[in-house]
S.K.: 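Next up is a structure, given as structure tokens.
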Amino acid sequence: MADSQEVTKRPNASAITENITEKGYDSPHLATSAQVQHNLEHQHLWTSIMGYVIPGQADDSNTLSKDPQQPPKEPIPLLSGYPPHRVYTHPDEQLYMLENGIREDDLAPERMFVVPTTQGQPWTLRHMATVFDQLPEFKQKVEEQDRSVNPTSVQPGADGLDPEKAEKLAQYYDKKEQARLTEEWGAQRFLLAMVDKGMGGDGTVAYYVVHEGEVKPRQN
């Protein structure tokens, strides 16, 4: 009789749960952000990951505005970091690289922004527009922080480049800056991270590239 009443030992918390607990994230948005950050760092080997929060609109029950220009009421978590490989390259940029003999390994790391969400979470164009509106401000802050680190200093083989390759890279970066201003190689983009937290979900994180505006189709 005593054996049947034996208390089952509680299983140990997962690494993700321990990470969320240690950070003291009591908000579902921040907990999801911590889970995505853990996935990026340990499964996809991202580095220099930073976390931010885009504040939501003040909740005023007397003014239920449906203006699409107003930000959503709930805060939007945001992450950024350096993936080990490029996540996306615009087709025209890829063609320029091929024509000039530039490989991905020749380029400096490129910081990417990620918006953590969960499967089934309401996500509208209003949310996306808010992220795109705020990205320039966050990019400026990140660039100021990265200047002290200077990620180009860890560029693979940067010190051993021949003068011809160094000149092509200099022209590429000039072209990239010009394309950024003209949006020739596409406008802003971020990754939408979606965590499977539904009934029976295993916590898998899927990533989708979200572009601002129209995207030129890639030719195979």
Side-chain angles (χ1 to χ4, degrees), residues 33 36-52 54 78-116 128-129 131-194 205-220:
S33 181
V36 172
Q37 179 174 344
H38 187 275
N39 181 265
L40 289 171
E41 183 176 358
H42 296 283
Q43 183 169 343
H44 298 285
L45 305 180
W46 283 39
T47 57
S48 302
I49 300 177
M50 301 179 183
Y52 327 86
I54 299 176
L78 187 66
L79 298 170
S80 77
Y82 289 105
H85 304 286
R86 277 198 167 190
V87 175
Y88 175 86
T89 302
H90 190 276
D92 290 342
E93 180 181 2
Q94 187 177 46
L95 179 61
Y96 180 94
M97 293 170 62
L98 289 173
E99 291 176 344
N100 291 273
I102 298 175
R103 303 176 303 170
E104 182 181 321
D105 293 342
D106 297 327
L107 304 178
E110 189 174 78
R111 183 175 285 275
M112 192 77 184
F113 284 82
V114 183
V115 177
M128 294 183 184
V131 175
F132 282 126
D133 288 343
Q134 295 295 321
L135 273 186
E137 179 180 346
F138 285 107
K139 285 181 178 179
Q140 183 178 0
K141 292 180 180 179
V142 170
E143 289 174 358
E144 293 175 355
Q145 295 173 346
D146 284 346
R147 286 194 187 100
S148 59
V149 179
N150 188 16
T152 58
S153 63
V154 296
Q155 178 183 346
D159 296 335
L161 291 178
D162 59 79
E164 182 179 356
K165 175 57 73 66
E167 177 64 23
K168 287 185 177 181
L169 285 176
Q171 294 175 357
Y172 162 80
Y173 285 119
D174 289 341
K175 174 66 176 178
K176 188 175 181 66
E177 177 60 21
Q178 178 185 351
R180 183 187 67 83
L181 298 175
T182 62
E183 299 184 356
E184 179 183 352
W185 289 349
Q188 299 184 105
R189 66 182 69 96
F190 64 82
L191 282 181
L192 184 69
M194 187 174 295
V205 185
Y207 296 91
Y208 304 89
V209 180
V210 180
H211 299 266
E212 183 181 27
E214 297 181 353
V215 182
K216 181 177 182 178
R218 189 181 300 275
Q219 297 180 358
N220 296 326

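Just so you know, residue 1 is the first one in the sequence shown, and it goes up from there.
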S.K.: What distance separates L78 CG from Q134 CD, expressed to the nearest 0.5 Å?
M.R.: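 Reported to 0.5 Å precision, the distance equals 9.5 Å.
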S.K.: I need the minimum non-hydrogen distance between I49 and Q37, along with the two atoms involved.
M.R.: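 Scanning both residues, the minimum pair turns out to be CG2-CG, 3.7 Å.
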S.K.: Please find the pair of heavy atoms, one from P84 and one from L45, that lie closest to each other, and give the distance.
M.R.: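 Residues P84 and L45, closest heavy atoms: CD-O, 3.6 Å.
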S.K.: Is there a donor-acceptor pair closer than 3.5 Å between any side-chain N or O of D162 and the backbone N or O of E164?
M.R.: yes
S.K.: Please verify the inter-ring angle class for H38 with H42; under 30° counts as parallel, over 60° as perpendicular, anything in between as tilted.
M.R.: tilted
S.K.: Roughly how far, to the nearest 0.5 Å, is NE2 of H211 from NE2 of H90?
M.R.: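 H90 NE2 to H211 NE2: 8.0 Å, rounded to 0.5 Å.
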S.K.: Would you call the rings of F132 and F190 parallel, tilted or perpendicular if under 30° counts as parallel and over 60° as perpendicular?
M.R.: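 Correct class here is tilted.
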S.K.: Is any side-chain N of the basic residue among E144 and K141 closer than 4.0 Å to the acidic one's carboxylate O?
M.R.: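 A salt bridge is absent here (no side-chain N lies under 4.0 Å from a carboxylate O).
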S.K.: Do P136 and Q188 have side-chain heavy atoms sitting under 4.5 Å apart?
M.R.: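 Yes, side chains in contact.
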S.K.: Within the supplied structure, the quantity of interest is the number of heavy atoms (other residues, nucleotides, ligands) at a distance under 6.0 Å from E214 CD; does it exceed 12?
M.R.: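 No, the 6.0 Å shell around CD holds no more than 12 heavy atoms from other groups.
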S.K.: How long is the span from the CD atom in E177 to the CG atom in L181, to the nearest 0.5 Å?
M.R.: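 Rounded to the nearest 0.5 Å, the CD-CG separation comes out at 5.0 Å.
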S.K.: Can K176 be said to sit on top of Y173's aromatic six-ring, NZ or CZ under 6.0 Å from centre and within 45° of the ring axis?
M.R.: no
S.K.: If I compare all heavy atoms of R103 with all of M97, which pair ends up nearest, and what's the gap?
M.R.: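 Closest heavy-atom pair between R103 and M97: C-CE, 4.1 Å.
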S.K.: Just how far is it from atom NZ of K165 to atom CG of N100, taken to the nearest 0.5 Å?
M.R.: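 Spacing of NZ (K165) from CG (N100) equals 10.0 Å.
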S.K.: Rounded to the nearest 0.5 Å, what separation is found between the OG1 atom of T47 and the OH atom of Y82?
M.R.: 8.0 Å
S.K.: Do Y88 and L191 have side chains that get closer than 4.5 Å, going by heavy atoms?
M.R.: no
S.K.: Specify whether Y207 and H44 have parallel, tilted or perpendicular ring planes, treating 30° as the upper limit for parallel and 60° as the lower limit for perpendicular.
M.R.: perpendicular
S.K.: Write down the atom of E212, the atom of A187, and the distance for their closest heavy-atom approach.
M.R.: O-CB, 3.4 Å
S.K.: Carefully, step by step, assess W46 and V114 under the rule side chain to side chain contact (heavy atoms under 4.5 Å, CB included).
M.R.: CA-CA 12 Å; W46 283 39; V114 183; 3.6 Å; yes
S.K.: Grab the two heavy atoms, one from E110 and one from P83, that are nearest each other, plus how far apart they are.
M.R.: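 So the minimum-distance heavy-atom pair works out to O-CD, 3.5 Å.
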S.K.: Calculate, to the nearest 0.5 Å, the distance between atoms CG and CZ belonging to L107 and R86 respectively.
M.R.: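 Those atoms lie 5.0 Å apart.
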S.K.: Which atom names give the shortest non-hydrogen contact between F113 and V142, and what distance separates them?
M.R.: CZ-CG2, 4.1 Å
S.K.: With a 4.0 Å cut-off on N to O distance, would you call E184 and K175 a salt bridge?
M.R.: yes
S.K.: Can you tell me if R111 uses its side chain to pair, donor with acceptor, with the backbone of E143 under 3.5 Å?
M.R.: no
